[in-house]
4 protein chains.
Amino acid sequence: MHQGRTGRPRSPEADAAILAATRQALVEVGWSRLTMGDVAARAGVAKTTLYRRWPGRNELVVDAVAVLFDELELPDLGTLSADVESVVRQFGALLDRPEAKTALMAVIAEATRDEELRRRIRTTIVDRQKRLVTAGRRRAEERGELPPPPGPEAAARDTDLVFDVVAGAVVHRTLVSAEPVDADWAHRLTQLILTGLTAQRAPGAGA
Amino acid sequence: MHQGRTGRPRSPEADAAILAATRQALVEVGWSRLTMGDVAARAGVAKTTLYRRWPGRNELVVDAVAVLFDELELPDLGTLSADVESVVRQFGALLDRPEAKTALMAVIAEATRDEELRRRIRTTIVDRQKRLVTAGRRRAEERGELPPPPGPEAAARDTDLVFDVVAGAVVHRTLVSAEPVDADWAHRLTQLILTGLTAQRAPGAGA
Amino acid sequence: MHQGRTGRPRSPEADAAILAATRQALVEVGWSRLTMGDVAARAGVAKTTLYRRWPGRNELVVDAVAVLFDELELPDLGTLSADVESVVRQFGALLDRPEAKTALMAVIAEATRDEELRRRIRTTIVDRQKRLVTAGRRRAEERGELPPPPGPEAAARDTDLVFDVVAGAVVHRTLVSAEPVDADWAHRLTQLILTGLTAQRAPGAGA
Amino acid sequence: MHQGRTGRPRSPEADAAILAATRQALVEVGWSRLTMGDVAARAGVAKTTLYRRWPGRNELVVDAVAVLFDELELPDLGTLSADVESVVRQFGALLDRPEAKTALMAVIAEATRDEELRRRIRTTIVDRQKRLVTAGRRRAEERGELPPPPGPEAAARDTDLVFDVVAGAVVHRTLVSAEPVDADWAHRLTQLILTGLTAQRAPGAGA
DNA sequence: TAGTAAGCGAGACGGTACGTCGAGTCTTAGA
DNA sequence: TCTAAGACTCGACGTACCGTCTCGCTTACTA
């Protein structure tokens with residue numbers, strides 16, 4: 001009786017080669033012209049090997065791209081403003097890379113009609129960014145830069161709003177307006193949001 | 001000797017039928033499963049007629065979707081806050097419709113590697129939205145809700161920033177976070193931005 | 001009240017230009033790649049004009065080629081043998097020309113499934129050749145080289161047989177065996193047939 | 001390291017199914033309306049499978065038709081005359097079948113401008129018939145019905161001539177004159193040729 | 001140390017859609 | 001009514017990928 005794995009194990013190098021080949025192909029030919037056969041050929045692997053590991057093109061591309069977002073991190077630069085500005089610029093730089101830019105938008109587009117894919121994107125990509133917002137808020141509260149939230153519900157709503165505003169603005173500027181996220185723009189975005197947040201919390205100050 | 005147009009003129013009904021068929025197909029089968037043959041059949045037109053008028057799928061879809069954005073308008077509700085909030089909710093509602101949602105993202109994705117397509121999107125879709133921001137700012141200045149910009153350069157930069165923030169946030173919430181743009185969220189987004197803008201212009205108040 | 005033609009008369013030059021263009025196109029691109037649009041363009045004429053005069057490609061090509069066979073003629077060289085040999089060589093030379101070669105076979109092939117086309121070929125091409133055989137036989141009888149036929153039925157049967165043998169052999173050698181109809185071959189074919197015909201009529205001689 | 005064949009082998013059933021489907025389609029719709037898609041559908045095979053094995057329609061049809069000519073054979077009926085007459089009638093019967101008739105002529109027509117196709121026809125169809133003539137002559141010489149040829153060159157020339165005459169006459173009668181190759185016609189053709197051959201070889205007899 | 005089950009490459013398979021081309025028809029303006 | 005021009009519908013073309021399916025090896029765990 002068997003309970004463990006039997007047979008030849010899957011080649012671990014293959015996974016890495018395939019994901020790398022996928023990213024390379026994305027940069028060179030773009031999402032819509034990326035073919036499984038091409039990826040397989042670039043990876044020096046048979047098409048069968050791809051399909052043994054991923055259900056299809058979409059899933060393969062999401063996995064290939066997800067790892068790129070791991071490098072985003074919240075530094076501790078002393079002030080909330082500096083911390084946020086840094087993340088904005090990191091994110092802008094990431095979306096400036098063709099493989100991230102192309103893949104992210106295409107996968108989102110594809111996801112609008114595929115609940116399963118949507119779930120995969122949410123878990124492998126989006127949630128990681130959201131943690132940056134949560135961590136930033138917590139650190140700012142510890143520093144006394146932001147008042148503690150009135151309640152857990154309000155805190156969650158604020159987190160989501162800030163997340164959508166920051167991520168959305170960066171994505172929109174990069175992919176739709178096609179303008180660079182330079183130091184000046186990052187600074188002005190950060191100021192707009194933090195001013196908005198702070199002034200709202202201290203309405204009397206502006207009266 | 002001829003100097004005028006010769007030959008049978010292109011059927012004007014065909015254009016309308018094709019664009020309508022494209023939108024219908026987008027809703028029913030989604031972007032990635034939309035085929036030129038299917039669109040032609042729905043429109044009661046030969047495939048060649050499509051290719052005589054559009055270079056390919058992407059261009060056809062952009063044109064088919066562009067008209068949807070014509071319906072966005074800046075109402076005059078008496079206050080800047082109410083005006084902005086209205087546009088935010090209109091835009092959210094628009095992106096809630098499958099044909100807009102699907103097509104917009106997919107086309108943007110495709111555009112990341114096609115300068116010509118990018119130009120088409122910029123001119124037929126993006127610029128129309130930007131006019132909403134410009135008009136809103138001008139009206140607010142007339143009402144005295146916002147100070148006149150320090151100079152034309154600063155005004156343009158501000159317009160672009162606000163545009164990226166508003167459009168980006170709405171798009172991100174709708175397509176990535178997959179949450180609805182309801183009245184509450186629209187209100188909070190509007191407050192965040194307007195507070196940020198106003199407080200920045202009167203820095204002494206927040207000090 | 002009108003009883004004659006009204007409106008603009010058909011251009012007579014167009015007919016000649018179209019037939020010439022058809023022959024030229026046949027030589028250059030062959031039957032299966034010959035297109036109506038191409039013929040129209042070569043003739044400096046609109047496609048409509050072609051379709052107003054011929055029902056389709058096949059009919060046009062038959063008419064264009066038929067005229068080539070008009071040049072075949074039975075000379076009077078003094079002996080039946082010389083006369084026949086001359087016709088064989090004329091026919092061989094005709095089939096050596098690409099437009100005749102290509103068109104003849106293709107049209108025959110097409111005709112195997114189109115009774116109407118078959119009739120057109122029979123009347124415009126085949127019957128003209130048959131008259132050569134009939135004329136040759138009559139002249140030979142006048143010269144006393146061949147005995148008068150036993151009866152009209154036998155004469156018709158003999159004519160058909162000789163026609164199929166001569167025409168068939170020349171066509172087969174040219175188009176299937178792809179060998180030239182040179183003087184030697186024409187002489188040997190003529191001798192075979194005339195010897196056969198003469199010896200049959202004088203069976204006692206071979207006993 | 002591999003030295004043998006790799007990959008999935010081609011299905012041998014597919015070949016047979018495709019060729020049979022081609023013959024069936026030829027009979028039903030004729031050459032000019034025969035489409036690769038239709039053949040594929042009839043064979044229960046994908047279009048790509050056809051193109052993987054044959055460069056195009058012409059080559060496919062030649063191969064599909066070639067096997068029909070395999071059934072022609074030279075019987076031993078005791079006399080040269082009877083043997084030849086049998087072959088003539090077999091050939092006539094073969095050309096009476098629509099798939100042979102249509103395909104043969106059409107392919108020959110196409111071949112007039114395609115050297116490669118011409119070669120294929122020569123090797124897969126024509127040469128097989130020529131062997132019938134050679135065998136008939138050899139057998140007749142063994143029986144003493146024909147004198148041995150004066151030399152190898154003359155023998156080859158005679159073989160070619162007889163081949164072109166017999167095949168050409170049968171083809172011409174069937175496809176151009178559109179008359180049946182019945183027993184009477186076959187007999188008269190055979191007599192014409194054999195009389196001509198014999199009388200030529202014994203010129204003194206006829207003097 | 002010998003089986004054996006899964007992995008592997010290669011490439012053929014049935015499909016679907018592509019974008020193009022030609023056929024034959026129709027619609028305009030002008031001769 | 002003819003003409004040239006060119007848009008129209010239709011249908012087949014030959015190609016490209018899809019995702020699946022044999023093949024004949026190769027490899028590493030398990031009996």
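Values below: all heavy atoms of this structure, side chains included; hydrogens, waters and symmetry mates excluded. Keep in mind that what you see is a predicted model, and the values were worked out from it rather than measured. Residue numbering restarts at 1 for every chain, and letters A, B, ... go by the order of the sequence lines.
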Residue set satisfying salt bridge (charged side-chain N to carboxylate O under 4.0 Å, His left out) with B/R97, at least two apart, ordered chain then number -> B/E71, B/E99

Expected string for nucleotides 13-19 of chain E under the B/S/- scheme (protein heavy atoms, under 4.0 Å, primed atoms plus P, OP1, OP2 as sugar-phosphate) is BBB-SSB

Close side-chain approach of B/L19 and B/V67, heavy atoms under 4.5 Å: no

- [ ] For the pair C/T123 (side chain) and C/R119 (backbone), establish whether a donor and an acceptor sit closer than 3.5 Å, ignoring hydrogens and angles.
- [x] yes

The dot-bracket string of DNA chain E, counting Watson-Crick and G-U wobble pairs with both distances under 3.5 Å, using [ ] for crossing pairs and | for pairs to another strand, is |||||||||||||||||||||||||||||||

Original post:
Would you say the side chain of A/V39 lies within less than 4.5 Å of the side chain of A/T35, judging by non-hydrogen atoms?
Top reply: no

Residues 7-16 of chain B vs salt bridge (charged side-chain N to carboxylate O under 4.0 Å, His left out), sequence neighbours excluded, gives B/D15-B/R53

Return a table of donor-acceptor pairs under 3.5 angstrom between the side chains of residues 21-30 of chain B and protein atoms on other chains or two or more places apart.
{"from": "B/T22", "atom 1": "OG1", "to": "B/I18", "atom 2": "O", "distance (Å)": "2.7"}
{"from": "B/R23", "atom 1": "NH1", "to": "B/A64", "atom 2": "O", "distance (Å)": "2.6"}
{"from": "B/Q24", "atom 1": "NE2", "to": "B/E28", "atom 2": "OE2", "distance (Å)": "3.2"}
{"from": "B/E28", "atom 1": "OE1", "to": "B/R42", "atom 2": "NH1", "distance (Å)": "3.2"}
{"from": "B/E28", "atom 1": "OE1", "to": "B/R42", "atom 2": "NH2", "distance (Å)": "3.1"}

To the nearest angstrom, the CG-C1' distance between D/N58 and F/dG14 comes to 14 Å

Applied to residues 55-67 of chain A, the salt bridge (charged side-chain N to carboxylate O under 4.0 Å, His left out) test, sequence neighbours excluded, yields A/D63-A/R120

C/L50 CG to E/dG22 P, in whole Å, measures 15 Å

Scanning both residues in full, the closest heavy-atom pair of D/A43 with D/A17 reads CB-O, 3.7 Å

Atom CD of D/E59 and atom P of F/dG14 are separated, to the nearest Å, by 10 Å

C/E13 CD to F/dA4 P, in whole Å, measures 11 Å

